[in-house]
Amino acid sequence: MSGRVARLWRYPRCAVPTLSHGTLPAQVDALRAPARLNRVVPVPRLARQPRVGAYALVVRPGRVENGAVVEVC
């Protein structure tokens with residue numbers, strides 16, 4: 001892997017992973033466990049909320065091959 005990304009901040013849960021994609025069927029339960037287990041304070045003065053996504057900044061562009069380890073710093 002030649003690319004690298006840096007996490008900028010956590011983002012609220014998104015429905016896209018639960019939708020069907022091409023020949024893959026919809027997975028309506030795909031985010032239930034992460035949302036239950038990963039509750040964080042997204043910004044000061046807000047209560048803990050389920051978070052499973054993140055915005056990121058591309059630090060070094062590159063290609064990620066199937067099976068590659070991806071480093072998020």
Side-chain angles (χ1 to χ4, degrees):
M1 181 186 79
S2 59
R4 186 170 181 226
V5 296
R7 184 182 65 158
L8 296 181
W9 61 85
R10 293 181 176 148
Y11 192 67
R13 146 180 184 168
C14 174
V16 171
T18 66
L19 306 175
S20 62
H21 297 278
T23 59
L24 298 173
Q27 297 290 325
V28 296
D29 293 331
L31 295 176
R32 292 188 192 277
R36 185 180 78 250
L37 299 171
N38 190 39
R39 301 183 75 82
V40 298
V41 177
V43 294
R45 291 180 268 151
L46 284 182
R48 288 186 175 272
Q49 299 177 12
R51 298 286 190 243
V52 293
Y55 279 114
L57 171 69
V58 176
V59 176
R60 185 177 61 231
R63 184 179 180 127
V64 179
E65 300 293 335
N66 188 18
V69 176
V70 176
E71 175 188 345
V72 180
C73 53

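Here, residue 1 is the first one in the sequence, and each next residue gets the next number. Note that the coordinates shown come from a computational prediction; the quantities given were computed from them, not determined experimentally.
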Just to verify, what does L46 make a side-chain contact (heavy atoms from CB on, under 4.5 Å) with, not counting sequence neighbours?
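By the side-chain contact (heavy atoms from CB on, under 4.5 Å) rule, L46 matches P42, V43, Q49.
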Sequence neighbours left out, what passes side-chain contact (heavy atoms from CB on, under 4.5 Å) with R48? Give chain and number order.
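Scan of R48 (side-chain contact (heavy atoms from CB on, under 4.5 Å), adjacent residues dropped) gives R39, V41.
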Between T18 and A30, which heavy-atom pair has the shortest distance, and what is it?
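Smallest heavy-atom distance, with atoms named: CG2-CB, 4.4 Å.
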Sequence neighbours excluded - side-chain hydrogen bond (donor to acceptor under 3.5 Å, both in side chains) pairs with any residue from residues 19-28
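Passing the test, one end in residues 19-28: no pairs.
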